[in-house]
Amino acid sequence: MPELPEVETIRRLLGAQVAGKRIVSVRFGTKLVAMHPGPAGVRRELLGATVREVGRRGKYILFHLSSGRDLVLHLGMSGQVRNSDRSAMQKHEHMRIEFSDGQVLSFVDARRFGRVCMTEGGVLPRPISGMARMGPEPIEPGYNAAYLGALLGGRKARVKNLLLDQRVACGVGNIYSDEALHRAGVRPDRRAGSLKPPEVARLATALGDVLREGIRWCGTTMKDGGYRLVDGGAGSFQKRLRVYGREGQRCRRRGCEGVVRRQTLGGRSTHFCPVCQK
DNA sequence: CTTGGTTCCTGCGTGC
DNA sequence: TGCACGCAGGAACCAA
C-alpha cells in the first residue's frame, strides 16, 4: 500500500535513474488500468519525450517531460514501478517504457486500482482530479496545527477517517494514519471536532514525523506487500511500526502496558493502544 | 456541505 | 487437494 513515504522513495529512485533520458518505446498490457487520454494518446505524448525530472504530490508520481506535459502515475494499493527488460510482458504488467539508453521501466498492478494520466498546464483529467484539491504536504513546514485545526474543527467524522481524506493529510493512508494517531496519543475513533488544541498540535507534528521517518527507512513493505522498491527490494519501516499490524502485541510506547487493539473504522482496519491513546 | 456507504480488482489465508 | 469465501484498501462516486 504505497503511501507518501513509499511513493517518495520510488520518486527518488526514479529521479536518479531516468532524469534526462528520452523515451523511445511505450507498450501496454492487455488489461488496461484507468488511463487518460487512452493508450494511444499516452503513447503519442510519451514517444520521443525526455524526462526532465521526477516529482511527487501526495501519492502521485509526476514525470515532468520536456514537452511541458506530465505523466502522472498513481499506484493505487498494489501498483509497482519496476526495473524491467525487453522480455515478454508479464501477467499484471500494464505499461512498459523503454529509454534511449536501453533502460526499461514497467508499471505492474495486480488489483488495477492504479491510474496512468497525461496532464498539461495544470489541468487534471477525471481519474486524478483529486490532486487539485489536496492541501499542503504534511512533511512541509506549511503543514501545522493551524491548518489541521481548521479542517478538523467542528467535524463529526472520526479523526482517523478524516486523516485518510487527501484534502486533510495528502499522502497519508491506512498505515501512517494509525501510526500518527498513536504517536499523538489520540484514539482513532474520536470525533475530529472533539480534539483539543494540544491534541491537534501533537497530531500535526506526528504526521510529519512519522512520514519523514518512513522515508528515511524507505517505506513499509508488509508480508503480502504491494510495495517494493524499483529494483524489487523491500523497505524496512515495517520493523518500526508501533501499532499497525500489531494486534494483540504490546504497545511500543515506553512504559505503556497496553495491548494493541484492532477495530474496523469506516471500512478500514484500524490499530491503536487503548491505554495510551485517549 | 457533510457523512457514510458502495464500487472497482485480484491474491492470499482460512475453514470445511 | 480443492473450493467457496472473506479480507485487504485508494479514492471516485453516490445517496441522504
Side-chain angles (χ1 to χ4, degrees), chain A residues 1-8 10 28-36 56-62 72-82 89-95 107-117 119 124-135 137-138 150-181 188-195 207 211 214 219-228 238 241 243-248 262-271:
Chain A
M1 307 121 230
E3 303 177 33
L4 191 152
E6 290 75 36
V7 176
E8 174 63 16
I10 293 170
F28 300 102
T30 48
K31 285 182 171 179
L32 295 178
V33 294
M35 208 171 277
H36 176 92
R56 179 190 60 76
R57 183 78 171 96
K59 300 174 194 169
Y60 296 92
I61 300 171
L62 301 103
V72 182
L73 211 55
H74 193 291
L75 301 176
M77 61 173 292
S78 59
Q80 301 182 346
V81 180
R82 297 287 285 270
M89 298 283 285
Q90 37 178 312
K91 188 169 182 190
H92 296 297
E93 188 176 353
H94 304 296
M95 182 169 68
F107 174 52
V108 182
D109 182 13
R111 290 176 209 177
R112 288 197 280 151
F113 284 6
R115 300 280 183 271
V116 176
C117 291
T119 73
L124 300 173
R126 246 331 156 69
I128 58 168
S129 57
M131 189 162 53
R133 294 188 292 270
M134 293 191 314
E137 299 273 331
L151 288 173
L152 299 187
R155 300 286 298 270
K156 288 180 180 168
R158 309 201 183 261
V159 60
K160 148 95 175 196
N161 293 341
L162 278 191
L163 287 186
L164 295 176
D165 185 332
Q166 300 301 291
R167 292 168 293 189
V168 176
C170 73
V172 171
N174 207 38
I175 296 175
Y176 293 93
S177 58
D178 282 4
E179 293 296 312
L181 285 163
D189 59 356
R190 287 274 299 281
R191 303 286 173 182
S194 77
L195 267 63
L207 281 165
L211 292 169
T220 304
T221 299
M222 301 299 283
K223 280 189 206 76
D224 68 334
Y227 167 67
R228 287 272 157 187
Q238 63 277 7
L241 295 174
V243 284
Y244 186 87
R246 298 190 64 250
E247 181 185 19
R262 185 171 73 94
Q263 92 181 58
T264 299
L265 234 48
R268 298 200 179 77
S269 172
T270 300
H271 311 73

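Keep in mind that this is a model prediction, so the values were computed, not measured. Throughout, a chain's letter reflects where its sequence line sits, starting with A, and its residues are numbered from 1. Values below: all heavy atoms of this structure, side chains included; hydrogens, waters and symmetry mates excluded.
In this structure, A:H92 reaches the B:dG11 phosphate: one of its side-chain N or O atoms is under 4.0 Å from OP1 or OP2. At C:dG10, none of the side-chain N or O atoms of A:Q166 fall inside 4.0 Å of OP1 or OP2 (strictly under the cut-off). Phosphate proximity of C:dC13 to A:R126: present, with a side-chain N or O under 4.0 Å from OP1 or OP2. Under 4.0 angstrom from either OP1 or OP2 of B:dT10 there lies at least one side-chain N or O belonging to A:R112.
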Could you write out each protein N or O paired with an N or O of nucleotides 1-4 of chain B at a distance under 3.5 Å?
unit_1, atom_1, unit_2, atom_2, d
B:dT3, OP1, A:K156, N, 2.5
B:dT3, OP2, A:R155, NE, 2.3
B:dT3, OP2, A:R155, NH2, 2.9

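Two residues are said to be in side-chain contact when any heavy atoms from C-beta on lie closer than 4.5 Å; A:L62 and A:M131 meet this criterion. Under the 4.5 Å side-chain criterion, counting only non-hydrogen atoms from C-beta, A:V7 is in contact with A:I61.
Nucleotides of DNA chain C nearest to A:R262 and A:R268 differ in position, and the one nearer the 5' end is that of A:R262. Residues A:H271 and A:S129 each lie close to DNA chain C; by heavy-atom proximity, the contact nearer the 5' end of the strand is made by A:H271.
Between A:R56 and A:E137 there is a salt bridge, with a side-chain nitrogen of the basic residue lying less than 4.0 Å from a carboxylate oxygen of the acidic one.
In this entry the distance linking CG of A:N174 with P of C:dA11 reads 12 Å, nearest Å. Residue A:K59 contributes atom NZ, which lies 8 Å from atom C1' of C:dA11 at whole-angstrom precision. Separating the NZ atom of A:K91 from the C1' atom of B:dT10 is a distance of 8 Å, rounded to the nearest angstrom. Between A:M77 atom CE and C:dG9 atom P there is a gap of 6 Å when expressed in whole angstrom units. Between A:L75 atom CG and C:dG10 atom C1' the separation is 11 Å, expressed in whole Å. To the nearest angstrom, C1' of C:dG9 lies 13 Å from CG of A:D178. Taking atom CE of residue A:M222 and atom C1' of nucleotide B:dC12, one finds them 14 Å apart after rounding to whole Å.
Side-chain atoms of A:H271 and A:D178 include a donor-acceptor pair closer than 3.5 Å.
Although no hydrogens or angles enter the test, the distance criterion places no donor-acceptor pair under 3.5 Å between the side chain of A:H92 and the main chain of A:Q90.
Checked against C:dA12, B:dT10, C:dG10, the side chain of A:Y60 finds its nearest nucleotide in C:dA12. Of the candidate nucleotides C:dA12, C:dA8, B:dT10, C:dA8 has the atom nearest to the side chain of A:Y244.
Summarising the geometry of A:H74 relative to A:Y60, their closest heavy-atom pair is CD2-CE2, 3.4 Å, with the distance given to 0.1 Å.
In this structure, A:S269 reaches the sugar-phosphate backbone alone: every heavy-atom distance under 4.0 Å involves primed, P, OP1 or OP2 atoms, never a base.
Within 3.5 Å, no donor on the side chain of A:R115 pairs with an acceptor on the base of C:dA11, nor the reverse.
Where stacking is scored as ring centres under 5.5 Å apart with planes under 30°, A:F113 registers as stacked on the base of C:dG10.
Taken to the nearest 0.5 Å, the CG atom of A:L4 stands 5.5 Å off from the CG atom of A:L211.
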